[in-house]
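Below is one structure; the comments refer to it alone.
Keep in mind the model is a prediction, meaning the values are calculated, not measured.
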Amino acid sequence: MRFALRLILPRVGLAILALVAISLITFTLVELLPGDAVTRVLGRNATPEREKVWRERMNLDRPPVVRYTLWFSRFVRGDWGESLVSARPATEGAPGGRRNRAVADMVWPRLKNTLILAGYALLLYIPTSLFLGIITAVFREQRFTAWLSALVVLGTAVPEYVIGILLLLIFAITLNWFPPLALIDQAESTLEVVQMLTLPALTLAIAMTGIAVRMMQGSLLTVLDSDYVRFATLKGLSRRRVLLLHALPNALGPAVRVTVLSIVWLIGGVVLVEVIFTFPGLGMLLLDSLRLLDTPVILAAAMLLSSVLIFANLAADLLAAFLNPRLRTD
Amino acid sequence: MTVSNEAVIQVEDLTVDYLDRQAWVNVVNRMSFSIAPGETLGLAGESGCGKSTTGFALFGYRRPGSRIRAGSVQFEGLDLLSLDERALQHIRGAEIFLVPQNPASTLTPSMRVGRQVIETLESHKISSGRREAEERTLELFAQVGLPQPGEIAQRYPHQLSGGQQQRVVIAIALACQPKLVVLDEPTTALDVTTQARILRLLDRLKTEHGMSVLYITHNLGVLAQICNRVAVMYAGELVEVAPTAELFNNPRHPYTRGLIAAVPRLSAPNEDREKLRGLLRREELPPGCRFAPRCNYALSECSTQLQALTTVGKDHQAACWLWERVAEEVG
Ligand SMILES: Nc1ncnc2c1ncn2[C@@H]1O[C@H](COP(=O)(O)OP(=O)(O)O)[C@@H](O)[C@H]1O
Ligand code: SF4
Ligand SMILES: [Mg+2]
C-alpha cells in the first residue's frame with residue numbers, strides 16, 4: 001500500500017495544478033473571443049442600454065480578474081454557478097424574476113451520457129484489439145498478418161467523421177436499421193437507447209481499434225523479443241506454455257496501460273462523434289456553450305473532460321504498477 | 001580430460017541473415033566447427049560479430065526477423081535446422097542448454113524462480129510429480145550454492161542478486177544434465193568477484209558431469225584458462241581455430257593478434273602494430289577478406305581475395321592468405 005501512496009500522491013498534486021492551469025487557459029481563451037454572452041444572446045436586438053442592463057445582471061461588467069477569482073473561489077467550494085444563458089425549466093422557475101439553470105445540473109447528465117457512449121465503444125474495441133494485437137504479434141511472420149496490419153492501418157487513417165457519415169448513410173439512412181439521431185434522452189426503452197448508441201459507439205470503436213491494436217501489438221512484441229521468452233523457449237517449453245505463462249502475463253501490464261491510455265484518444269473522438277450523431281453528451285454541450293460564450297458552462301465542461309483524461313492517466317499508471325511484481329512485492 | 005573424435009555437435013556452413021529495412025543483411029557466413037564430447041570450445045570476437053546468433057543456431061533457433069539461409073547443425077544424427085518446433089522442444093533444454101548473457105533479463109519477471117525450475121523438470125519429465133520436482137529444485141539450489149533454497153524458490157527474479165539469478169539458471173542446466181551447454185558471455189553482466197565464483201562453479205560442474213561447452217565471449221583472456229580450443233570470429237566468419245595454447249603462442253591471423261594484444265596480461269608491452277583500430281562496420285564489408293579495412297598487414301588484393309580457413313599447423317587453421325608472412329614478420 002505504501003508504494004501506491006508514493007505513486008498516487010505526487011500525481012494528484014500535479015493533476016490539481018494541471019486543472020487550475022486548464023481553467024485559467026480556458027477562461028482566457030473565451031475572453032479573447034470577440035463578443036460575450038450578452039452580444040450572443042441579444043444578437044440584432046442589442047442596444048447599448050439593453051446590453052448594459054444584461055451585463056450587470058450577468059456580472060459581466062466586472063473586470064475579468066475579478067470574475068475569474070469569483071468563479072474559482074465558488075467552484076472549489078462546489079458551487080459551479082449558473083449558466084449565463086440557459087433558463088431554468090418553467091416548473092422550477094423561482095417566483096419573481098428570471099433564474100438560470102445551475103451549471104451542475106447541465107453538466108453531470110451530459111457527462112453520464114458521454115461516459116456511457118465511451119464505455120460502449122470501449123466494450124467493442126478492447127476485446128477486438130486485444131485479440132488482433134495478440135494474433136498479429138504471435139504470427140508476425142505469416143502473410144495474413146501483413147494483410148491484417150494493413151487493414152488496421154487503414155482503419156486508423158480514415159478520420160472519425162468519414163467513418164461516422166459512412167455508417168450513418170449505410171445503416172441509418174439506406175438500411176434503416178438504426179436511428180440517425182442519437183437523442184438518448186428521448187428514448188423510451190433501454191433497447192432504444194442501445195440502438196441509438198450503436199452507430200456512434202461503432203464509429204468510435206473503428207477509429208480506436210487501429211490505435212489500440214498497434215499499442216497492444218507493440219507491447220507484446222517487446223515481450224516476445226525479450227531474453228526471458230527466448231530462454232523459456234530454449235529451455236524446451238512448448239510454444240503454448242511460453243506464450244501463456246511467460247509472454248502474456250508480462251504483456252498484460254503494458255496492455256492494460258495502453259487500454260486505459262487509449263481513453264484519452266477516445267474522449268477526443270467522442271466530441272466529434274457526438275456532433276455527427278447529435279448526441280447529448282459533454283462534447284455537444286461544450287460546443288453549444290462555446291457558441292454562446294457561456295463561460296461557467298464552458299469551464300465546468302472543460303474541467304470535467306480534463307478530469308476524465310487525468311484520471312485515465314493515473315489509473316493507467318496504477319494498474320500497470322499493480323500488475324508488475326517488481327513494484328508489487330517491494 | 002579425454003576428448004574423443006566423435007563430435008557432439010557439428011556445424012556445417014551455417015549462414016544467417018537478418019532483415020534490416022526490407023533488405024537481408026548477412027550476420028553469420030559459412031561457419032563450420034564441431035565440439036567433441038567433454039570439450040570446451042571458446043568462441044571469441046568483438047561484440048556484434050554474430051556470436052550469439054551462432055550460439056542460438058545450435059538450438060535450431062533464429063531470432064525473429066532473421067533467417068537461416070544455409071547450413072546444417074548435426075546433433076545425434078539429426079539436422080536441428082530441419083526439425084520442427086515440436087521435435088526441437090525435446091532437444092532444447094534437455095540435451096543442449098543455454099546460459100545467456102544477462103541473468104537480470106533471463107528469468108521471467110512474473111514467475112517465482114522455483115516455478116521456473118519446476119516447469120523445466122516437468123516439461124522434460126525429469127522428475128515424476130510436483131512433490132518430487134519441488135524437492136529436486138531445492139537440492140539443485142543447494143548444489144549451486146544458493147543459501148536458504150526454500151526461501152529463494154519463493155522469490156521473484158528481481159528479488160535476487162545478479163549472481164543468484166545466474167545460479168538459478170545454472171541450477172536449471174544441472175537439472176537437465178545436457179550433453180552440451182552454450183555459455184553466452186555468462187559472466188559479462190556480473191561484478192568481478194561474482195564472475196570468478198560463477199566461473200569456478202561452471203568449471204566444477206563441467207568436470208563433474210562431463211558436458212561439452214561452447215563458451216562465447218568477447219574477452220579472449222577468459223578463454224585462456226578454461227578452453228581446450230578457441231575459435232575466433234570476425235564479422236560473421238571464422239578467421240582462426242586452434243588449441244588454446246597454440247592459439248595464444250602462435251596466432252596466425254592478424255585479427256587474432258589484435259585481440260590478444262588487447263588483453264593486458266597476455267600481450268607484450270610494445271605491440272603497436274597489432275593494436276586493433278576502428279570498429280566493425282557491417283555496411284562496409286569488402287567482397288574479399290572482411291577484415292581488410294582494419295588490417296595492419298593488408299595488401300590491396302586482400303579486399304577482393306576471398307579467404308577461407310586453411311591449415312597452418314597441427315589442428316590449427318586460419319583464414320589469411322598472408323599468414324606465413326605475418327608469422328615471419330613477427331618472428
Ligand atoms: N533479428 C536479428 N537477428 C540476428 N541478428 C540481428 C537481428 N537484428 C539485428 N541483428 C544484428 O546482428 C549482429 C550480430 O548480433 P549477435 O549475434 O548478437 O552478436 P554478438 O553476440 O557477437 O554480440 C548485431 O550487429 C545485431 O545488431
Ligand atoms: S587476408 Fe589480408 S586483410 Fe585479411 S587478414 Fe590477411 S592480411 Fe589482413
Ligand atoms: Mg551476444
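- There is no contact between B/Glu122 and chain A, counting heavy-atom distances below 4.5 Å.
- The parts of A/Leu245 that come within reach of chain B are both its backbone and its side chain, each placing non-hydrogen atoms under 4.5 angstrom from that chain.
- Only the side chain of B/Pro100 comes within less than 4.5 Å of a heavy atom of chain A; its backbone N, CA, C and O stay farther away.
- Tested against B/Ser105, the residues B/Thr108, B/Asn102, B/Leu107 include a single side chain to side chain contact (heavy atoms under 4.5 Å, CB included) partner, B/Asn102.
- Between chain A and the options B/Glu119, B/His124, B/Arg63, B/Arg115, heavy-atom pairs under 4.5 Å are most frequent for B/Glu119.
- Salt-bridge check for A/Glu141 with B/Arg62: passed, with a basic side-chain N closer than 4.0 Å to an acidic carboxylate O.
- Each of B/Ile198, B/Leu146, B/Val181, B/Leu140 was checked for a side chain to side chain contact (heavy atoms under 4.5 Å, CB included) with B/Ile170, and the lone residue meeting it is B/Ile198.
- With values rounded to the nearest 0.5 angstrom, A/Phe139 atom CZ is found 5.5 Å from A/Phe144 atom CZ.
- In this structure, the side chain of A/Ser226 engages the main chain of A/Val223 through a donor-acceptor pair within 3.5 Å.
- Between chain B and the options A/Arg230, A/Arg239, A/Arg241, heavy-atom pairs under 4.5 Å are most frequent for A/Arg230.
- With a 4.5 Å cut-off on side-chain heavy atoms, B/Arg92 and B/Ile96 do not count as touching.
- With a 4.5 angstrom heavy-atom cutoff, B/Glu95 does not touch chain A via any of its atoms.
- Under the 4.0 Å criterion applied to side-chain N and carboxylate O atoms, B/Arg131 and B/Glu134 are not assigned as salt-bridge partners.
- Interface remark: B/Ile172 contributes side-chain atoms only to the contact with chain A (heavy atom separation under 4.5 Å).
- Residue B/Arg155: no heavy atom, backbone or side chain, is found under 4.5 Å from chain A.
- Contacts between A/Ser238 and chain B at a heavy-atom distance below 4.5 Å involve backbone atoms as well as side-chain atoms.
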